[in-house]
Amino acid sequence: MNIVLLGLNHKTAPIELRERLAVAPHELEEATRSLVQAPGVLEGMILSTCNRVELLTSQQPDAPHLLEFIGDYFSIEPKLLSPHIYEYRHEEAVRHLFRVACSLDSMVIGEPQILGQVKSSYLAARSAGAIRGHLDKVLQRAFVIAKRVRTETQIGTSSVSIASVAVELARKIFGSLEEKKVLLVGAGKMSEQAAHHLMNHGAGAVLVANRTYERAEQMAQRFGGRAIRFEELYSSADQADIIITSTGSARPVFRREHAQYFMQQRRGRPMFFIDIAVPRDVDPEVNKLDGIFLYDIDDLQSVAGSHLKARGKEAEMAEAMILAEVNKYQRRMHALNVTPEIVRLQQSAEQIRQAELRRVAGRLQTLSAEQQAAVEALTRGLINKFLHQPVQAIKAAASEGNAAAVDAIREAFGGHSVDGDDEDWD
C-alpha cells in the first residue's frame with residue numbers, strides 16, 4: 001500500500017511541456033495498462049487534462065522511479081521533466097488526489113469539470129484492470145469528499161470553467177461581444193460551455209465546426225447557430241471575429257499559412273484565437289502575425305486569478321474537510337499495518353507452547369535428548385501450521401485494504417479493531 005503520485009500541472013510546467021505528455025481520451029486505457037506493467041507498479045491511474053498530467057500508483061517498496069516510465073512511454077528525457085515534476089507519497093498523495101477532485105488545485109478554484117475527468121480516468125483504469133484493491137477504495141473516497149465539498153460549501157457557486165474564463169478574456173479584449181461572430185471548433189463539453197457564455201453576453205452569430213458534422217449540427221441548433229463541415233473550416237473561418245478551439249487533435253489545426261489567408265480575407269480586421277486545447281490547436285507562430293491575437297490555456301491564468309479571492313473562505317472550509325478525511329485515512333492505514341499483529345500472534349502462540357511444555361516437563365524427563373528434540377520440533381510445527389491460515393488471511397486482507405476483515409481476525413485472536421469512525425472506508 002505504498003501510494004505514489006507523480007505529476008506536473010499548469011503551475012509547474014508550461015504548456016509546451018504538458019502537451020508532450022498529454023494522453024487523449026481514446027488512448028487512456030492503453031496508457032494505463034502500460035503503466036501497471038511497469039516494474040513494481042501494482043495498481044495505477046492516469047489523469048490527463050488540459051492543465052495536468054498525473055500518475056497515481058500503488059507500488060512495491062523497491063519499485064523504480066516513475067520518471068523512468070514517463071521517459072520511456074512519452075519518449076522524453078527525464079532530465080527535462082525533473083524541474084517541473086512534483087511527487088507525493090502515502091497520505092500526502094491521498095491529500096493531493098482529494099484536492100484535485102474537489103477542484104482546489106484547479107486553475108479556476110471550484111470549476112466543475114475536474115471531478116468528471118477524474119471519474120473518466122478511474123473508469124478507464126478499471127476497464128484496463130489497473131485498479132483492483134486499495135486504490136479503488138481511495139478513489140471512491142475522493143468522489144465522496146468531492147460531492148460533500150460541492151454540497152456543504154459554496155465553492156461551486158457562480159461556477160467558472162476554463163471555457164467561461166476564455167469568454168471573459170474575449171470580452172475584455174473587445175469591450176463587448178455584441179454582433180461579434182464566433183466560431184467554435186470542436187463540439188465537446190468545453191466548446192458547449194463556451195457557447196453558453198457567449199450567448200449570454202450577446203454574441204451575434206455562432207458557427208460550429210466538428211469532424212463529426214452531425215454533432216456540429218446538434219450544437220448549432222441548440223444555440224441558433226450554423227454548422228459548417230470540417231472540410232470547409234479554412235474557407236469559412238475568416239468570417240469569425242473570435243475562434244475558440246478545443247479539439248483532441250494531436251497536431252495543430254490552425255497553422256501560420258491558414259492565419260495569413262484569414263487576414264487577407266478580413267482586410268486587416270483583427271482576429272482573436274482562444275486555444276483551450278492540449279495539445280494546442282493553434283501553432284504559436286500564428287501569434288507573430290499582425291492583427292492576430294492568440295491566447296492559449298496558460299494565458300487564461302491571469303483572468304482566473306481574479307476568481308480566487310472570492311472563493312477563499314469556501315476553499316478553507318473544503319481544505320478542513322479534506323484534512324479530516326486524510327486523518328481518517330492515516331488511522332485506517334495504521335490499523336492495516338498488520339506486522340505487529342502477526343508478531344503478537346506468534347509470540348502469544350509461543351508463550352502457550354512453552355507453558356504447556358513446562359506443565360508436562362516432569363513426564364518428559366525420562367526422554368532422551370533426541371526424543372526431547374523431536375517433541376520440541378513437533379510442537380513448533382503444530383504452532384506454525386495452526387498460525388499459517390490466520391496469518392495468510394490477515395496479510396491478504398491488509399493488502400486489499402479490507403479493514404473489516406482485519407478487524408474480524410484481530411477480534412478472533414483477542415486483538416483490537418479499527419476505530420468505528422473510519423468504517424466508511426470499508
Side-chain angles (χ1 to χ4, degrees), residues 3-10 18 21-36 41-58 88 93-153 155-156 159-164 186-193 246 248 276-278 297 315 318-319 321-322 325-326 328-329 401 424-426:
I3 294 185
V4 179
L5 186 146
L6 199 74
L8 48 76
N9 63 19
H10 59 283
R18 299 200 311 273
L21 271 61
V23 181
H26 67 276
E27 298 172 341
L28 198 54
E29 188 174 326
E30 183 57 38
T32 307
R33 193 174 289 113
S34 297
L35 173 61
V36 293
V41 176
L42 304 174
E43 297 178 86
M45 185 188 84
I46 298 175
L47 175 63
S48 180
T49 75
C50 54
N51 285 326
R52 71 183 65 245
V53 177
E54 294 182 349
L55 278 60
L56 175 67
T57 61
S58 175
Y88 299 105
V94 173
R95 177 176 177 271
H96 180 78
L97 171 65
F98 288 177
R99 294 188 77 251
V100 168
C102 293
S103 189
L104 292 180
D105 197 56
S106 295
M107 181 186 287
V108 182
I109 291 178
E111 58 91 3
Q113 286 79 33
I114 185 63
L115 180 57
Q117 292 166 330
V118 175
K119 287 182 176 179
S120 294
S121 292
Y122 166 75
L123 291 175
R126 284 288 299 270
S127 181
I131 290 182
R132 299 172 296 276
H134 185 58
L135 278 191
D136 198 343
K137 295 182 182 296
V138 171
L139 283 156
Q140 291 295 338
R141 292 311 301 171
F143 301 146
V144 170
I145 190 65
K147 184 177 180 181
R148 282 189 57 210
V149 166
R150 283 276 162 192
T151 55
E152 297 179 25
T153 75
I155 200 164
S159 182
V160 226
S161 65
I162 295 300
S164 64
K189 289 183 179 179
M190 200 168 289
S191 294
E192 187 167 356
Q193 289 156 5
S246 63
I276 51 182
V278 178
I297 198 146
E319 294 281 11
M321 293 166 66
I322 288 172
E325 194 69 21
V326 172
K328 283 186 181 181
Y329 172 80
D424 51 0
W425 272 88
D426 297 323

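We're numbering straight along the sequence, starting at 1.
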Check [X] against [Y] and note the closest heavy-atom contact, atom names and distance.
X    : Y    : result
I322 : C102 : CD1-SG, 4.0 Å
A142 : A101 : O-CB, 4.1 Å
S103 : G110 : OG-N, 3.0 Å
S246 : A277 : CA-CB, 3.8 Å
T153 : A318 : CG2-N, 4.4 Å
S120 : L28  : O-CD2, 4.4 Å

Side chain to side chain contact (heavy atoms under 4.5 Å, CB included) evaluation trace for L56 with L139: CA-CA 10 Å; L56 175 67; L139 283 156; 4.2 Å; yes
Atom [atom1] in [X], atom [atom2] in [Y]: separation rounded to 0.5 Å?
X    : Y    : atom1 : atom2 : value
R150 : L115 : CZ    : CG    : 7.5 Å
C50  : H10  : SG    : NE2   : 9.5 Å
L55  : I46  : CG    : CD1   : 5.0 Å
R99  : L97  : CZ    : CG    : 11.5 Å
Q113 : T49  : CD    : OG1   : 10.5 Å
E319 : R95  : CD    : CZ    : 5.5 Å

Sub-4.5 Å side-chain heavy-atom contact between [X] and [Y]:
X   : Y    : result
I3  : L135 : yes
L8  : R52  : no
L35 : M45  : no
N51 : S106 : no
E54 : L6   : no
F98 : R141 : yes
V4  : T57  : yes
S48 : L21  : no

Whether H96 and Y88 hold their rings parallel, tilted or perpendicular, with breakpoints at 30° and 60°: parallel
Stepwise side chain to side chain contact (heavy atoms under 4.5 Å, CB included) test for L104 and I155: CA-CA 9 Å; L104 292 180; I155 200 164; 3.3 Å; yes
Chi angles and distances behind the salt bridge (Lys or Arg N to Asp or Glu O under 4.0 Å) call for E43, R132: CA-CA 7 Å; E43 297 178 86; R132 299 172 296 276; 5.6 Å; no
Residues E29 and S127: side-chain donor-acceptor under 3.5 angstrom: yes
Test side chain to side chain contact (heavy atoms under 4.5 Å, CB included) applied to V144 and K147, step by step: CA-CA 5 Å; V144 170; K147 184 177 180 181; 5.9 Å; no
Chi angles and distances behind the side chain to side chain contact (heavy atoms under 4.5 Å, CB included) call for I297, R18: CA-CA 11 Å; I297 198 146; R18 299 200 311 273; 3.3 Å; yes
